Number of protein chains: 2
Amino acid sequence: MAATIKDIARETGLSIATISKYVNGGTLKEKNRIAVERAIKKLDYHVNEYARGLKSNRSRTVGVIIPELSNLFVTQIITAMEDILRQHGYSVIICDCHTDEKLECDAAKFLIGKRVDGIINMPVCRDGRHLRPAKEQKIPVVLIDRSVPELSSYADSVLIDNAAAARSAVEHLLDNGHRRIGIIVGPKDVFTSQQRLAGFVDALKSHSVEYDEQLVINSDYTLHGGYESMRAMLKTHPDLTAIFVTNYEMTLGAVIAANEMGIKIPQELSLIGFDNMDLSRIAHPRLTIVTQPLEEIGSQVARILLDRLENGYTGVPMKITLSTTLQIGASVRQL
Amino acid sequence: MAATIKDIARETGLSIATISKYVNGGTLKEKNRIAVERAIKKLDYHVNEYARGLKSNRSRTVGVIIPELSNLFVTQIITAMEDILRQHGYSVIICDCHTDEKLECDAAKFLIGKRVDGIINMPVCRDGRHLRPAKEQKIPVVLIDRSVPELSSYADSVLIDNAAAARSAVEHLLDNGHRRIGIIVGPKDVFTSQQRLAGFVDALKSHSVEYDEQLVINSDYTLHGGYESMRAMLKTHPDLTAIFVTNYEMTLGAVIAANEMGIKIPQELSLIGFDNMDLSRIAHPRLTIVTQPLEEIGSQVARILLDRLENGYTGVPMKITLSTTLQIGASVRQL
DNA sequence: CTTAAAAAACGAAACGTTTCACTTTTAAGG
DNA sequence: CCTTAAAAGTGAAACGTTTCGTTTTTTAAG
């Protein structure tokens, strides 16, 4: 049905090996090159990736394992990444593991079974067990967003400086005279939560403000969680002058909660949110937010992985830490 | 490196053909079956999908082309779909075409080049040109969410009864005594927008309420769009008693706008939104929304495609239309 | 013109399966 | 215990590439 390299060979009178050479970027004599190009066009030839994969043991496919696809942070990164990888001829297989370690492990096995050339993972499992097979088979792995100590000698990673992000946000609040500051963070056992909380504590310390554990709520990074946490926080601590919410979904929930409770931002409460430009732009007052360079994360991940795929593993894992930006809006009041 | 069927044959003393038979679900003599299973486990054998794909011309991969990955409607459907397909051994390659016809076309070519066994598409291009190559090569196609007349004799589709969805929402408003009802719909040229608007008009007509074009805003299905449209609508038509917003992102934007403008729902304005259970649950008052059966869409799509892949194309396209549900909350006031 | 070196082209073997046409083994019926 | 049909197992030829070791052609220097 579909044309093969053989058809091109026949059409041009050249040998199979020569066509293969051309297809893989080798140089032919001008005259032949033109003939081959014409034949390829005429017969609508496309490389058969399966034959190629069989011979070369490369699938030109990378796998992505993420906790939840229905999450803006994840999709934006994936979109950026996928664009680049696709441009380089790689396809991307996405596996949503529903924040479940068992499913994450299955996904890794599935991808390895599919013989992906590389794996990109925003890990759920904290000891990296699921990626052991990948390591054994020397499949390049790039971690996103969360560090896994057990894998640090092998996997590359692209992270955010979460502590600095939180620090700068909280310092902004402190500089504006706030002292009673609440924070809504993610689950206790998630890397980013810990780091963001650490940055929060750091900032307070450096400004000699006492750290009050009561003002920390561990939520779950969801819309609902943000909403409930905000309500709880405001009910139990009406004396708060500012609150810092540490991801997009929770920020959205918090904003809705505040709006509903009739709490005026920033007159009655200052708020710093996270991540989403759109939301920040439309909210009135314009929200002050910590923005993560999502596209940059995606493209760095793609870049690193492509590098590993083309040049092989050097033995030295790359670790890239990107900075966030504090986008000043009008949701923080000067006290 | 990795074990092959040959290794299993050697290990068990059986022939390659027999192992292949086993691997593909054939039956062996009890004794041999056990031996093969043991050998597979011992040598950690996995089928080489590339060799298999080469021989059988099946990649066990399906491609998905969507307008934007950063969209809850899309991700929820994909998640459901992917789960099922993965369970059946298929991997899913997702291509985000950024709502661009040219990129959509490229994505289709890319996927066909990757020799996917099937394509799932929420189409941007309205004349289905991008899928012509798929049709020529008889690659099964399942369309989601939007119908493409040019493909209706070939592609299967899973749609929502958009008109009925809008009708039921608007009838609910009418039944509650509302007469001045606004609607925020998506872009004029998108299938779902047209249908939802048609349902709106229908409902008005059946209740002999005059249709006022002024009360229709064509927005863009984004958070920002919903926000701006809501503001515009309320400014130019303060006499509205109810408004119907026709997707999740715009509903979110509209709710934020209303909250900010200090408009009490439902006391001053009744609102019916779309799609998101989470949002509906947390908003106060609980939002009345039209919910689409996202999981059901995803699983139907997967089911249909699997059927096509296993049983071949029958010549008769399947068209499944699913119903929405009107989730009654407290955002509609009885006039 | 030769000749040597460089460039281009070639033939054939492999990659790991599936599948087809056959042969051997097993089980059932008389 | 023989016959026969069904079940189980086999050998070999593909599938469409890449790659290696060779051969042929081209180019440039002498």
Side-chain angles (χ1 to χ4, degrees), chain A residues 1-40 43-61 89 91 112-117 137 309-310, chain B residues 1-40 43-61 89 112-117 137 309-310 312:
Chain A
M1 190 84 293
T4 77
I5 228 175
K6 260 185 212 156
D7 301 318
I8 306 295
R10 182 160 358 96
E11 177 82 15
T12 57
L14 293 165
S15 78
I16 283 183
T18 304
I19 312 300
S20 173
K21 189 176 166 196
Y22 170 82
V23 167
N24 290 288
T27 79
L28 305 195
K29 245 188 351 192
E30 180 76 358
K31 198 183 59 163
N32 290 336
R33 207 202 64 224
I34 292 176
V36 170
E37 280 164 1
R38 183 172 19 228
I40 286 181
L43 304 182
D44 189 35
Y45 166 79
H46 294 275
V47 193
N48 182 319
E49 297 284 351
Y50 294 92
R52 174 181 271 178
L54 175 58
K55 264 315 278 188
S56 59
N57 240 331
R58 296 184 51 201
S59 61
R60 298 198 149 260
T61 296
S91 33
I112 292 172
K114 286 281 179 183
R115 286 180 163 67
V116 293
D117 293 338
Q137 297 191 36
L309 295 175
E310 324 261 271
Chain B
M1 194 82 295
T4 77
I5 228 176
K6 261 185 213 155
D7 300 317
I8 305 296
R10 182 160 357 95
E11 178 82 13
T12 57
L14 293 164
S15 77
I16 284 184
T18 305
I19 312 299
S20 172
K21 190 175 168 196
Y22 171 81
V23 166
N24 291 287
T27 80
L28 304 196
K29 249 193 339 196
E30 179 78 357
K31 197 182 59 160
N32 290 335
R33 207 201 65 221
I34 293 176
V36 170
E37 280 165 0
R38 180 166 29 225
I40 287 181
L43 304 182
D44 190 34
Y45 166 78
H46 294 275
V47 194
N48 182 318
E49 297 283 352
Y50 295 92
R52 174 181 270 179
L54 175 58
K55 262 316 278 188
S56 59
N57 241 329
R58 296 185 50 202
S59 61
R60 297 198 150 263
T61 296
I112 292 172
K114 286 283 178 180
R115 287 181 162 67
V116 292
D117 293 340
Q137 297 190 36
L309 295 175
E310 324 261 271

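Lettering follows sequence order; numbering is per chain, from 1. In this text the structure is predicted, and so the values were computed from the model without any measurement.
- Nucleotide D:dG30 has C:dC1 as its partner under the Watson-Crick or G-U criteria, with both atom distances under 3.5 Å.
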Under-3.5 Å N/O pairs linking protein and nucleotides 10-14 of chain D:
residue: D:dT10; atom: OP2; partner: B:S15; partner atom: N; Å: 2.7
residue: D:dT10; atom: OP2; partner: B:S15; partner atom: OG; Å: 3.0
residue: D:dT10; atom: OP2; partner: B:T18; partner atom: OG1; Å: 2.7
residue: D:dA14; atom: N3; partner: B:K55; partner atom: NZ; Å: 2.8

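- The CD-C1' distance, from A:E49 to C:dC15, rounds to 16 Å in whole Å.
- Counting only N and O atoms by type, the side chains of B:N48 and B:H46 include no donor and acceptor under 3.5 Å apart.
- Look at A:Y50 and you won't find any side-chain N or O under 4.0 angstrom from OP1 or OP2 of C:dT18.
- Between the side chain of A:T61 and the backbone N or O of A:V116 there is no donor-acceptor pair closer than 3.5 Å.
- Using modelled atom types, one side-chain atom of A:S59 and one backbone atom of A:R115 make a donor-acceptor pair closer than 3.5 Å.
- As rounded to whole Å, 7 Å separates atom C1' of D:dG16 from atom CD1 of A:I5.
- In the set C:dT18, D:dT18, D:dT17, D:dT18 carries the atom at the smallest distance from any side-chain atom of A:S20.
- Near DNA chain D, meaning a heavy atom under 4.0 Å away, the residues from residues 25-34 of chain B are B:T27, B:L28, B:K29, B:N32.
- Across all non-hydrogen atoms, the minimal contact from A:N57 to A:D117 is O-OD1, 4.5 Å.
- The side chain of B:Y45 sits closest to C:dT17 out of C:dC15, D:dT17, C:dT17.
- For the residue pair A:R52 and A:N24, a side-chain donor N or O sits within less than 3.5 Å of a side-chain acceptor on the partner.
- Taking only side-chain nitrogens and oxygens, B:N57 never comes nearer than 4.0 Å to OP1 or OP2 of D:dC15.
- Looking at B:Y50 and A:E49, their side chains never bring a donor and an acceptor atom within 3.5 Å of each other.
- Spacing between atom NE2 of A:H46 and atom C1' of D:dG16 amounts to 15 Å, rounded to whole angstrom units.
- The CG atom of B:N48 sits 13 Å away from the C1' atom of D:dT17 (whole-angstrom rounding).
- One can place NZ of A:K6 at 16 Å from P of C:dC10, the figure rounded to the nearest angstrom.
- Nucleic acid contact for B:Y22: none, since no nucleic acid atom lies under 4.0 Å from a heavy atom of the residue.
- A straight line from CG of A:N24 to C1' of D:dG16 spans 13 Å, rounded to a whole angstrom.
- Using a 4.0 Å heavy-atom cutoff across all strands shown, B:T4 reaches sugar-phosphate atoms only and no base atom.
- A:S20 places no side-chain N or O within donor-acceptor distance of the main-chain N or O of A:I16, the cut-off being under 3.5 Å.
- Interatomic distance, NZ of A:K21 versus CG of A:L28, reported as 6.5 Å (0.5 Å rounding).
- Atoms CD1 and CD1, on B:I40 and B:I5 in that order, are 8.5 Å from each other to the nearest 0.5 Å.
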